[in-house]
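Data first, discussion second: the structure below is written as structure tokens.
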Amino acid sequence: MTCDLNLSGEQRQIIDAAAAMLRTEYPVDRRRRWVADDLAAAAAFGMFGLGLPEGDGGAGFSLVEEALVHVLSGRHLVSSGSLATALGARLARAAGHAELADRLVAGEAFVCAGVPAGDSVLLMERGEAAFALVFDNRDFELREVGAALASEESALGHGASVERIPRVSKGVIARSAEPRMLAIADLLVSAQLLGVAEAVRDLAVAYAQVRQQFGQPIGGFQAIKHHCANMAIGAEMLSCQLDMAAIALRDGREDGAFQVAALRRLAPHVALANARLSIQVHGGVGFSAEAAVHHYLKQAHLLSRLGSAADILDLPAPLAPLVRVQERN
Amino acid sequence: MTCDLNLSGEQRQIIDAAAAMLRTEYPVDRRRRWVADDLAAAAAFGMFGLGLPEGDGGAGFSLVEEALVHVLSGRHLVSSGSLATALGARLARAAGHAELADRLVAGEAFVCAGVPAGDSVLLMERGEAAFALVFDNRDFELREVGAALASEESALGHGASVERIPRVSKGVIARSAEPRMLAIADLLVSAQLLGVAEAVRDLAVAYAQVRQQFGQPIGGFQAIKHHCANMAIGAEMLSCQLDMAAIALRDGREDGAFQVAALRRLAPHVALANARLSIQVHGGVGFSAEAAVHHYLKQAHLLSRLGSAADILDLPAPLAPLVRVQERN
Amino acid sequence: MQLSLSPEDQTFRTTAREWLAANVPRRRAPNDGRPARDFALAWLARCNAGGWSGISWPDEFGGRGLSQERLIVWYEEYVRARAPSVLDCTFVALNHAGPTLIACGSDEQKGFHLPRILAGESIWCQGFSEPGSGSDLASLATTGRVEGDHLVVNGQKIWTSFADIADYQELLIRTEAGSKRHHGLSWVICDMKSAGITVRPIENMAGAVHFAEVFYDNVRIPLSEVVGDLHDGWRVAMNTLAFERKTAAIGLQLELSVKVEDLIDLAAPPRGSAIAERLATLRAEAAALRAMTYRTLLREPETPSDGSLVRLCFAELAQRVNRTAMDILGADALLENAWTHDYLESYSETIAGGTAEIQRNIIAERVLGLPRVKTQ
Amino acid sequence: MQLSLSPEDQTFRTTAREWLAANVPRRRAPNDGRPARDFALAWLARCNAGGWSGISWPDEFGGRGLSQERLIVWYEEYVRARAPSVLDCTFVALNHAGPTLIACGSDEQKGFHLPRILAGESIWCQGFSEPGSGSDLASLATTGRVEGDHLVVNGQKIWTSFADIADYQELLIRTEAGSKRHHGLSWVICDMKSAGITVRPIENMAGAVHFAEVFYDNVRIPLSEVVGDLHDGWRVAMNTLAFERKTAAIGLQLELSVKVEDLIDLAAPPRGSAIAERLATLRAEAAALRAMTYRTLLREPETPSDGSLVRLCFAELAQRVNRTAMDILGADALLENAWTHDYLESYSETIAGGTAEIQRNIIAERVLGLPRVKTQ
């Protein structure tokens, strides 16, 4: 069968392995006492070279597997540095900085994500990162960043920290506006947003099964059921579109840019809507800092600032996307 | 008490009288076999002179009472000619055509509503009208229209007819872009849309109380309850804003234009949303031509084309609208 | 995960595209009645002549037996070519009745009906819903009493699509007296010309007659017309529903992408405008719906109810698309045209075949595992 | 129907406006803890000194006894002046506890507490919700056992606002052993310094501590602290809730109009843009909310639950306004600032004091008359 959207055995294996690593190294509970994620365990797992050829120190998987692993990262609220490091390694290699790329893949250095804000750049959850990947709409900039200096602010009043540095470009290592690179960034950002959307759905369903009100689990009430169903629909849409976009990009299909733009447009919307519904299903507990669900909401806001959807109206719509493609690897 | 939003005894009286007249002369059932409304009964009741001074053949009520009566007209799906005739009488008088104004008030002639569509004007539910009031965004034109000639089309596939005449202005009697006239039009259009929003809410509630599924009235299911609650909220918002806008216009308050713009922006949205929810609550019956609810949906689309909201962002927002006003009348 | 066509599949696409270009009728299908019947049967006969009838039916029953890939390719081309909507009066025969007969029918039943369906010679309608059981199929009350080698049917069905122009009906009735809920039902082929049948057409809010009430007054149906075993109709019916929800919806779902493109062309919205934003979101959602359609066909579902997600997603997206069209049309939204007709028809999407509320219950209970509550 | 001020009311407006301009604190109120307490008490003391404390309380109890018109005028001026949110830690005292004491308290209770509340000398918190009874108040289980002239209280409350900084608590407990639902409850004044009380603050998702769990371990409260009759607490409590829902919400509801104006200033959206459309709709909705607020005060309700419409409308509009702010802020949405803080806080609007789902049930059942179903 040339068309098959089941996970292959190999895909199942890498997903299971990633899930096991994340459960051990990045349990969601860690967010209760916030320290920026140490991404060494993710690097040791090979997360930052997943999609690179084996010759480049990568694991030789494709963008599809890489995206699926980032979905799991999103479920575990792994810091956005995981995206920035994976993308930074690609950018460094493309710009001829093979050594830096190798160090990033190997977990010897890390990249944090940055977004412009007026005259500043906001670095997110910087942790030990010595580099920053600044997502400037249709443009990337990989910069060296000095020792932590500037004001740390608390992103959205809780959890992840934000550090403000001047916008003026210093220590630039590489820059890119290459469409494929932008598309990969949008794919991986969206994958993490899907992870958020799925995680909050599952949290809500689990809570609705145990929380009792008026003598029954609240999951028995139709309003709660429908909130959960809405979360499921959103996550399913996004998940299906992620497969489409990842496959199209992997295979170099003509409709890759369109599929990614569609995905990236929906992802923040679905992740935020699901987080909102999940908080509502959780009631008072969901509004407290103790439940995990608000961290997902904030992560969704944060991820939504990264990458940028091409305007989908600028791209031709593929009305017959199934085509013959060359085998890639 | 100088602030009081209760209906006065006099207001109750005119509303009760209008309701009784509408029940007798314009029962909603008449829509099953569509013929354009004969507005003679409405005229005999005084609907087209309600807001005019007694010296002008009017009943000497204010815009508030007039708006409340148009809410009831909306509930009874009285044709849009009722709006056009009430406004046409005002326009004729303002332009010095006192005799025509008197005839319109007296029910000796009628005006239908028209909207531009490309090179044409679409006359709605023309019936016996010899005149048309063309609502052209921020502009009115009162025209004589000849004998019915052109193609009759069926508005939205059912019910009210639409007649197409050339746009070129012939037989123009009066024209106006006077802000107060526009505001009165928006007020009365919105009043009828509120009537639609209330009527479909009531139809849905009544149906949900009797229709049984799974061994109980469907109104016992939370999803149906919440649809009905949403309709109630929409109608309540609109009804309160109608009072505000009608009072502000009546009293010549500075915030009149703002209040009307807010009302006119919300009215189509609420009426259409309520009609949609009501159809959904009715299930298969709601989708059939036999239930009344689809007529309300179509009436909402039709009314939404009339008048035009001033861009509310262009108007200063009244943060302290309660003021001292001069007594009028 | 692969979405790649073989060279043979590519050739298949070209063949399909060319055939459709040459054969798709230019005029829009009539909305209802005899003209709709004639149009649909003529189109199906033409498809059949070209080898395009029963595309998903197995070869052995006269179908084309297309693989999932080719089914998708066919529908991609079908909707691109603006071919007539698959949801016409041949839909029940091709997508409910035929597949049910294939799965559960006797050789005689199959031998008689399947060729007629494929050739565009018979219209079928569905007789499931009843006045008291719209969303609650298990509560149906129309009875079939066994008398010798006949069933004698009494009762009433409602929301029967195309009953006024149908030749046969797939009829679900209670054949075991006193049975409750899913038990004691039978799935029967009913000849619509039988004595004792009265059809009362129901006009819908779009002014079209698709639905009807059907009354049964001592209608005699030979026992040989029972499909599957007597009293085993629920199992037979569930078979049909599953089929409908998986395969037959592809055409409808993919059609929505085309409709969004037409809407973007119609609106030509300035960038950054509110309407451009709405259209951009609709375009993305239509893409995601397409992705869901593919996955429904090309991945093993995790639960048997997974298909309910795409079904509801489609229904509500179709309504949003049609509502947006109304906003774009301006004054033309008041006239009878293809957009307004489709807009009005779209209100049935969240009602017919299980309301959106019931669909959400199913998703919550069967996909997500939330508790079922008796009263709901 | 009249909305017109008398010359005296106009003068009142001018007086209020001038006083507020001269007295409203420039800095934003701290979010929580001792600084929030100090800030709120200082502001209330200042209001009291100016004659603006207990504006809706009757004269005879030290309030200003404003008419409905003047109450509206006061709040219009209050929110225009960007005065501190009325929903601070003095809210319960001024809007729940005080009015309840006025309605049901003994002379001693009134004489002691009312002046302290008005003068900004005591903070009250509410002890109604329990872990098992968030939306279902009648199921509460914290007990008060009569021992001589004391109640001995054991149990737990949750979602108690400002328990960590409060002096007194309005405590609803089950005093009749074995009583069910609404029966056998008492409404008691609890001194938060009593032995046996443990307060565990709960941080909310905005990083602020408003809520707490409160544990009662043989807390002894004199019977003289019961408000109204022993075992008659439900009636007393309903009194409070009704008051809250009608009067105290004016300030919050009118504040939303100001917030929308600030947002329009912040965004300065190009006309026709998607964001301009959203803001225009929000502006219209805020106007309608204001109109609902006025009508709630100035018209006899048709049903006692009419107020639930404006309450839910407010809650959801507040959330939409705050979500729009996040979209407008761009990257600044990631920082801690007044907008993001309010955004996060706004999630409680559809949860605290009865979830949106419960509110819709109430509207459906009590306003529209749809059937109550036991399991819901």
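Just so it is clear, the structure is predicted and the values come from calculations on it, not from any experiment. Chain naming here is simple, since letters A, B, ... match the order of the sequence lines and numbering starts at 1 in each.
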Looking only at heavy atoms and a cut-off of under 4.5 Å, which of [options] has the most pairs with chain A?
options                       : value
C:R271, C:E316, C:E357, C:Q10 : C:R271
C:A364, C:A288, C:S67, C:A280 : C:A280
C:T281, C:L254, C:V258        : C:T281

Exercise. Kindly give the heavy-atom pair with the smallest separation between A:L313 and C:I264, and that separation in Å.
Key: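 In this case the closest contact between A:L313 and C:I264 is CD2-CD1, 3.7 Å.
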Quiz item: Can you name the closest pair of heavy atoms from A:Q241 and C:A287 and give their distance?
Solution: OE1-O, 3.2 Å
Whether the side chain of [X] engages the backbone of [Y] through a donor-acceptor N/O pair (distance < 3.5 Å, no angle test) should be reported.
X      : Y      : value
A:K225 : C:P371 : yes
C:R13  : A:L322 : yes
C:R283 : A:I312 : yes
C:R360 : A:A229 : no
C:E69  : A:T2   : yes

[atom2] on [Y] to [atom1] on [X], rounded to 0.5 Å:
X      : Y      : atom1 : atom2 : answer
A:D4   : C:M1   : CG    : CE    : 9.5 Å
C:L3   : A:L5   : CG    : CG    : 4.5 Å
A:R201 : C:L368 : CZ    : CG    : 7.0 Å
A:C3   : C:Q2   : SG    : CD    : 8.5 Å

Quiz item: With a 4.0 Å cut-off, would you call C:R299 and A:D243 a salt bridge?
Solution: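 Counted as a salt bridge, because a side-chain N and a carboxylate O are separated by less than 4.0 Å.
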Practice problem: Give a yes or no on whether a salt bridge exists between A:R265 and C:E277, defined as a side-chain N under 4.0 angstrom from a carboxylate O. | Solution: yes
Can you tell me which portion of [X] sits under 4.5 Å from chain C's heavy atoms? Options are side chain, backbone, both or neither.
X      : answer
A:V64  : side chain
A:I233 : both
A:I218 : neither

Practice problem: Show your working on side chain to side chain donor-acceptor pair (under 3.5 Å) between C:S4 and A:R253 and close with a plain yes or no. | Solution: CA-CA 10 Å; C:S4 171; A:R253 259 170 37 192; over 6 Å; no
Quiz prompt | Residues from residues 9-17 of chain A approaching chain C under 4.5 Å (heavy atoms) | solution =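 Contacts with chain C: A:Q11.
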Quick check on [X] against chain A: is it the side chain, the backbone, both or neither that has a heavy atom closer than 4.5 Å?
X      : answer
C:R80  : side chain
C:A286 : neither
C:I72  : side chain
C:E300 : both
C:E77  : side chain

Exercise. Give a yes or no on this: more than 12 heavy atoms of other residues, nucleotides or ligands lie within 6.0 Å of atom CD of C:E60.
Key: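 Yes, CD of C:E60 has more than 12 neighbouring heavy atoms, counting only those of other groups under 6.0 Å.
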Quiz item: In terms of heavy-atom pairs under 4.5 Å with chain C, which of A:A208, A:A246, A:G219 leads?
Solution: A:G219
Self-check item: chain C interface, residue from A:M244, A:M231, A:E236, A:H269 that has the most non-hydrogen pairs under 4.5 Å
Solution: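 Ranked by heavy-atom pairs under 4.5 Å with chain C, first place is A:E236.
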Self-check item: Non-hydrogen side-chain atoms of A:L319 and C:E76 separated by less than 4.5 Å
Solution: no
Quiz item: Going through the distances and angles, do A:H226 and C:N361 end up as a side-chain contact (heavy atoms from CB on, under 4.5 Å)?
Solution: CA-CA 7 Å; A:H226 288 195; C:N361 287 356; 2.8 Å; yes
Self-check item: Passing candidate, side-chain contact (heavy atoms from CB on, under 4.5 Å) with C:R290, options A:P318, A:C240, A:P321
Solution: A:P321
